[in-house]
Amino acid sequence: MPEHKVRKDAARNRNAVLAAADTLFARGESPDDITMADIAAAAGVGKGTLFRAFGDRAGLLRALYEARLEPIRKAIEAGPPPLGPATPPHQRVPALLDAVLCFKLDNRRLALALEESGSSSPYQAEHYVRWHGLVQAVLEQIPGLTDSDFTAHALLAAIRADLVEQLAGQERIPRERMRAQLANFATRVLDSDPQQGLVAEP
């Protein structure tokens, strides 16, 4: 079979798998109930195709996450305010957190499955390391704010997928209220008084 035909088939199978996984995670009640066999059957491919393309279930989840996240990543890297690099840091940090919160609200099952997958620490996961590095870098641009590493961890803890699921799913807090609460929390952290034992210096 010609090489270009193989590449075309592989790309088509990959897209079919991502679309099938997307649908199953959106419909499923629990991410743990969705298996690689389920995804393969829904995509119309063999399980071997999944493992060759993605390695394992965690690899498939990462690929689906990255595909869904692409518009936000482009906005962060080269877009206009409030996400783009020209945004003042005091405004950009809350905007970044809001974007992640909205993404997780729109992709609750996928975000939860991704953060629960793998055997290592969730803080060593590639997607978390990337978000932490970005938030920390923006925090370092704020004059007088110290310990940007810890502050980035603390801010990101407010939008963990399991917490988002608890608030949105179990406590049924409305989306706009969650966004407002997060914005208020981020603002308090960024404007906190060091004499009260928080993170900023005058």
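Positions are given from 1, in the same order as the sequence printed here.
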Output for pair (L114 CG, R109 CZ), nearest 0.5 Å, gives 15.0 Å

message: Side chains of Y128 and H132, heavy atoms from C-beta outward: is any pair under 4.5 Å?
response: yes

Are P88 and Q91 close enough that some pair of their side-chain heavy atoms sits under 4.5 Å apart? yes

Exercise. So, T87 side chain and P82 main chain: donor-acceptor pair closer than 3.5 Å or not?
Worked result: yes

Review point. Does P89 reach the side chain of L190, with side-chain heavy atoms less than 4.5 Å apart?
Key: no

Sorted by chain and residue number, the ring pair (Phe, Tyr, Trp, His ring centres under 6.0 Å) partners of H127 (sequence neighbours excluded) come out as Y65

Here the gap from Y123 atom OH to H153 atom NE2, rounded to the nearest 0.5 Å, amounts to 8.0 Å

Subject >> Flag, side chain of T187 to backbone of A183, donor-acceptor distance under 3.5 Å >> reply: yes

E165-Q170 side chain donor-acceptor pair, cut-off 3.5 Å
no

Pairwise side-chain contact, K104 with E115, heavy-atom cut-off 4.5 Å (strictly under)
yes

Please output the side-chain donor-acceptor pairs of residues 155-164 that fall under 3.5 Å, not counting sequence neighbours, one pair per line with the distance.
| unit_1 | atom_1 | unit_2 | atom_2 | d |
| --- | --- | --- | --- | --- |
| R160 | NE | D162 | OD1 | 3.1 |
| R160 | NH2 | D162 | OD2 | 2.9 |

In short, G169 meets R108 closest at the heavy-atom pair CA-NH2, 3.4 Å

For T35, the side chain to side chain donor-acceptor pair (under 3.5 Å) test, sequence neighbours excluded, returns D38

request  = Give the cluster check for V129 versus L69: same hydrophobic cluster or not, with ILVMFWY residues linked at side-chain heavy-atom distances below 4.5 Å.
outcome  = no

Scanning both residues in full, the closest heavy-atom pair of P85 with G79 reads CD-O, 3.8 Å

For residues 121-132, the salt bridge (Lys or Arg N to Asp or Glu O under 4.0 Å) pairs (sequence neighbours left out) are E66-R130, E126-R130

Looking only at heavy atoms, the pair that brings F185 and A154 closest together is CE2-O, 4.2 Å

Here the pair of heavy atoms bringing A99 nearest to I72 is O-CD1, 4.0 Å

In this structure, CG of L97 is separated from CH2 of W131 (nearest 0.5 Å) by 9.0 Å

Residues at least two apart in sequence or cross-chain that pass side chain to side chain donor-acceptor pair (under 3.5 Å) with Q181, listed by chain then number, are none

Smallest heavy-atom separation, R14 atom then A53 atom, equals NH1-O, 4.0 Å

Heavy-atom nearest pair, A67 first then P71, reads O-CD, 4.2 Å

Flag side-chain contact, heavy atom, 4.5 Å: F25 against L61: yes

One should read off an interatomic distance between M178 CE and C102 SG, to the nearest 0.5 angstrom, of 9.0 Å

Exercise. Please check if the side chain of R92 supplies one atom and the backbone of L139 the other of a donor-acceptor pair under 3.5 Å.
Key: no

For this session: Show your working on side-chain contact (heavy atoms from CB on, under 4.5 Å) between R175 and L101 and close with a plain yes or no.
Result: CA-CA 9 Å; R175 180 190 186 97; L101 172 63; over 6 Å; no

Taken to the nearest 0.5 Å, the spacing of R177 CZ from L182 CG works out to 13.5 Å

Note to self: Counting C-beta onward and ignoring hydrogens, is there a side-chain heavy-atom pair between L18 and L60 closer than 4.5 Å?
What the structure shows: yes

So salt bridge (Lys or Arg N to Asp or Glu O under 4.0 Å) across residues 48-61, not counting sequence neighbours, yields none

### Cluster check L112, F103: I/L/V/M/F/W/Y, side chain < 4.5 angstrom
no

Check R73 with E70, please: is the shortest side-chain N to carboxylate O separation under 4.0 Å? yes

Rounded to the nearest 0.5 Å, the CG atom of D147 sits from the CD atom of E140 at a distance of 10.5 Å

